[in-house]
Structure formats: structure tokens, C-alpha cells
Amino acid sequence: MVSPARRVLKTSLFSTLLVAAALGLSACSEKKAETAEEVVRPVKVLEVAASKTERTLDYSGAVRARSEIAMGFRVSGKITERLVDIGDRVTPGEIVARVDATDYILSVRSAEASLAAAERQVETADLALKRAQQLFDKNVAPKSQLEQAQLSYNQAVSARDAAVSTLDQARNQVAYGELRADRGGIVTAVNAEAGQVVSTGTPVVTVAVDGEKEVQVAVPETDIFAFKPGKAVNVSIWSNAGLDLTGKVREVAGSADPRSRTFAVRISLPNDARVLLGMTASVAASAETGPSLVSVPLSALAKESEGTLVWTVDRQNETVHARPVKVADFNDKDARITEGLKPGDLVVVAGTQFMREDLKRS
């Protein structure tokens, strides 16, 4: 017969075993739940940016008028008066200089006298022709006499016409003794002074014609192919730090300067009252250095049997995926990628040794 005390002890021991078993089952369930949870790995990522494939070309030049006229006399002579200086504004038809026109005035007088004599000759020949015509009509003079009178008259008329042209030329030379501006603009250079004897066409003053302005720069042959007519460039004016303009390449010289071995490039400027002739301008243009590549740190690269790969992050699902890439070149810090990545991709740059496909990143 079992005593009541022994029965209570057995019951208590059984209860304890049940509790222990329950606790053990509970612990196993928790471990399984923990194991079933998704693994999250902390990683360091970097957004891929395109490497620089352009370089900036900087050149300086001076603002000038698109059209400049070197004005000179159409006759030779001694300058008696120069009426403008550098910086003066001239208008069309304005007199800028004069030469001594005394000899040309005398030529006009001589031409006038010659014309008067030629006109008298015409009158005389006309009277002789009329008389010969009357005698021929009365059968008093032969036809040859009439023909001779007609020839003399025609010669007198031609001589008169030549005298008229000579007089016009002489008067033009007197007018050419005054140098007048053909177009309005600003005097940018003076090449002769009063008292100086100049020949026909010798530049006396240079006028920058009103209108479009431009900058001329000298570009070495190594960079000339970066400048094409119509290309937009940035132009900044040194005297005004906040004045930045967009210019366009208007003209590129077809041959290099034999001394400097540079090409003259002219850049048209937009109309802006703050830009004055003679101001120093800086021209900045871009030139391609090669194909567009992306760069990643060396720590982002991983080796596999078939080549090189990187781990990219899916922005929407926050999971990582292996992606094969092709490396163009590298230095001690970065590698340039030609295939497999594009700007904007997220790449794992730290913790790649723990990566596996579809792993979630934290």
C-alpha cells in the first residue's frame, strides 16, 4: 500500500517533468522561429557616378568689333588735318581727316579750260559740217568734202566728252581730299598725323563698326578640333565677375599662324551694353577626353571563376544581387567600369564577403 506522502511526491515529480518538457518545447520553438527570421546584413553602399570624360579649355582674348575698317585716302598727299582721336565716335559721312588738295584744285581748273576749248571745237566743227551740207546739196562741193566735215565734227564731239570725263575725275580727286566715314562706329586706331605725307590707300584711322561684337582667341593645334563653327562656349568678362555670356564659335582659321602655330578662333557675343570694345574676356570650352565610364572603389570588386563582379542593391526590395562587370583600368583607389554598371546604381563597397544572392541589406 502506497502511502499518501509517496503519492504526493510522485505527482509533484510528474508535474515538474511536464513543466520542464513544456519549457523545453517552448525553447525549441523560439529557436526555430529565430532561425526562420530573414537574415539582414549591414553593408556600406555607394551610388555610382559617371567618371569625368571632358576637360575644360580656357583661353583669353579681347573684345573687338566683328567688322573693322582701316580708312585711307583715295589720293596721295600731305595730311593737313585729322579731326578724330582714338575712342571718338563717328557717323556715316563725317569727315575724319583732310589732305592738301591744292594740286587737285588746279587740275580741276585745267580740266575746265580743256572742256571749254573742246566745246568751241565742237561748235566750229558743227558750223563746218552745216556749210559742207549746204554746198553738197547745191552740187557745188563733192561728197568727200561733206564726209570730211562729218568726221571732224565727230572727233570734236569725242574730244569734248573726254574733257568732261577728265573734269569729273579732277573734281572727284578734290573730294577725295576729305576722308569721310563710310559707316558709324568707334575709332580704335590712329595711324597717321597731320603733316605726314601718305600715299593712296595708306591707313589713317581704323573704325570699329557698330553692331555685333566678338572675341578672338589663339588656339593651339592640339585643341583646335574642340572648336567647330556654331559650338556654344562660355565667355566671362574680367572687369565684371558676374557677367557670364554664352558665345558661339563663328569662324575658325583654316591655317595656323606661321609664327605662333596657333589658329585664330572668332566667337560671336550676344548684344550686351556692358560689354565694351577692348575688354579682356575669358573663353571656356569643353573637349571630350574619351568614352563615358563609371568608377567604383576597389573594395566593391569581387572575383568569381568567370571574372569580376560587384554586388548591387535593388532600391525597391532592399536586396543585393551579383552583377558581372568589365574593368577598363584602375588605380590605387578606384576602378573604371566599361560594362555592367550605369550612373545611379547602388553598389556595395563594404561587407561584400558576407553577400549572397537576394540577401537583405540594413
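Since the structure is predicted, the reported quantities are computational estimates derived from the model, not experimental observations.
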Next on the checklist: Taking atom CZ as the centre, does R109 end up with more than 12 heavy-atom neighbours from other residues, nucleotides or ligands that are less than 6.0 angstrom away?
Outcome noted: no
Checklist entry - Taking only residues two or more places apart in sequence, or in another chain, which ones meet E221 in a salt bridge (charged side-chain N to carboxylate O under 4.0 Å, His left out)? => result none
Item to check | D257 with R261: basic N within carboxylate O range, under 4.0 Å | outcome: no
Checklist entry - Can you find a heavy atom in the side chain of V283 that is under 4.5 Å from one in the side chain of N234? => result no
Checklist entry - Would one find more than 12 heavy atoms of other residues, nucleotides or ligands at under 6.0 Å from atom NZ of K231? => result yes
Checklist entry - Between the main-chain N or O of T91 and the side-chain N or O of E94, is there a donor-acceptor pair closer than 3.5 Å? => result yes
Item to check | S286 side chain reached by T56 side chain, heavy atoms, under 4.5 Å | outcome: no
Next on the checklist: Would a single hydrophobic cluster contain both V75 and M71, if residues Ile, Leu, Val, Met, Phe, Trp and Tyr are joined by side-chain heavy-atom contacts under 4.5 Å?
Outcome noted: yes
Checklist outcome for this item: Between V249 and K228 the two heavy atoms that sit nearest each other are CB-O, 3.3 Å
Item to check | Non-hydrogen side-chain atoms of I224 and V252 separated by less than 4.5 Å | outcome: yes
Checklist entry - Between K213 and D272, is there a salt bridge with N-O shorter than 4.0 Å? => result no
Checklist entry - Say you draw a straight line from CG of L243 to CZ of R274; how long is it, rounded to the nearest 0.5 Å? => result 4.5 Å
Checklist entry - Run the side chain to side chain contact (heavy atoms under 4.5 Å, CB included) check on V63 and M279 step by step: do they pass? => result CA-CA 5 Å; V63 177; M279 284 185 169; 4.1 Å; yes
Next on the checklist: Donor-acceptor check, side chain of Q173 to backbone of A170, threshold 3.5 angstrom: yes or no?
Outcome noted: no
Checklist entry - Measuring from Y59:OH to T262:OG1, what's the distance to the nearest 0.5 Å? => result 10.0 Å
Checklist entry - Is it the case that one hydrophobic cluster holds both L129 and L127, taking links as side-chain heavy atoms less than 4.5 Å apart, direct or via other members? => result no
Item to check | Minimum heavy-atom distance between T246 and A232, given as atom pair plus value | outcome: CG2-CB, 4.1 Å
Checklist entry - Do V217 and L276 belong together in a cluster built from hydrophobic side chains that touch within less than 4.5 Å? => result yes
Checklist entry - Can you list every salt bridge (Lys or Arg N to Asp or Glu O under 4.0 Å) pair that touches residues 171-187, not counting sequence neighbours? => result R98-E178, E112-R171, E178-R180
Item to check | Student check: side-chain heavy atoms of V215 and L269 closer than 4.5 Å | outcome: yes
Checklist entry - Is there a path from Y104 to V197 through hydrophobic residues (I, L, V, M, F, W, Y) whose side chains come within less than 4.5 Å of each other? => result no
Item to check | Salt-bridge present (E119, R160; N to O < 4.0 Å) | outcome: no
Checklist entry - Under the side chain to side chain contact (heavy atoms under 4.5 Å, CB included) criterion, do V235 and D244 qualify, and how do the steps go? => result CA-CA 6 Å; V235 180; D244 291 323; over 6 Å; no
Checklist entry - For the residue pair N191 and P203, what are the closest heavy atoms and their distance? => result CB-O, 3.3 Å
Item to check | T202 side-chain N/O to V198 backbone N/O, donor-acceptor pair under 3.5 Å | outcome: no
Item to check | Residues V99, T80; criterion side chain to side chain contact (heavy atoms under 4.5 Å, CB included); working and verdict | outcome: CA-CA 5 Å; V99 296; T80 59; 5.7 Å; no
Item to check | Residue that, paired with V90, satisfies side chain to side chain contact (heavy atoms under 4.5 Å, CB included) out of V207, L83, D210 | outcome: V207
Item to check | Close side-chain approach of L245 and V275, heavy atoms under 4.5 Å | outcome: yes
Next on the checklist: Does any part of the side chain of Q196, heavy atoms only, come nearer than 4.5 Å to the side chain of K78, both counted from C-beta?
Outcome noted: no
Item to check | Check: W238 and S60 side chains under 4.5 Å, non-hydrogen atoms | outcome: yes
Checklist entry - How far does OG1 of T312 sit from CG of L346, to the nearest 0.5 angstrom? => result 8.5 Å
Next on the checklist: Using modelled atom types and a 3.5 Å cut-off, is there a donor and acceptor pairing between side-chain atoms of N240 and backbone atoms of I237?
Outcome noted: no
Next on the checklist: Is it the case that over 12 heavy atoms from other parts of the model lie below 6.0 angstrom from the CG atom of D137?
Outcome noted: yes
Checklist entry - How far apart are the C-alpha atoms of D85 and V187, what are their side-chain angles, what is the distance that settles it, and do they pass the side chain to side chain contact (heavy atoms under 4.5 Å, CB included) test? => result CA-CA 7 Å; D85 291 308; V187 178; over 6 Å; no
Item to check | V209 reachable from V190 in the ILVMFWY side-chain graph, under 4.5 Å edges | outcome: yes
Item to check | Side-chain donor-acceptor contact under 3.5 Å, S107 with S110 | outcome: no
Checklist entry - What are the two closest non-hydrogen atoms of R64 and L277, and how far apart are they? => result C-CD2, 3.6 Å
Item to check | Separation of R266 CZ from R250 CZ (nearest 0.5 Å) | outcome: 5.5 Å
Checklist entry - What pair of heavy atoms forms the shortest contact from A97 to V204, and how long is it? => result CB-CG1, 4.4 Å
Checklist entry - How long is the span from the CG atom in L57 to the CG atom in D223, to the nearest 0.5 Å? => result 4.5 Å
Next on the checklist: For V108 versus L167, what's the shortest heavy-atom pair and its separation?
Outcome noted: O-CD1, 3.5 Å
Checklist entry - Could you give the distance from NZ (K130) to CG (L146), rounded to the nearest 0.5 Å? => result 14.0 Å
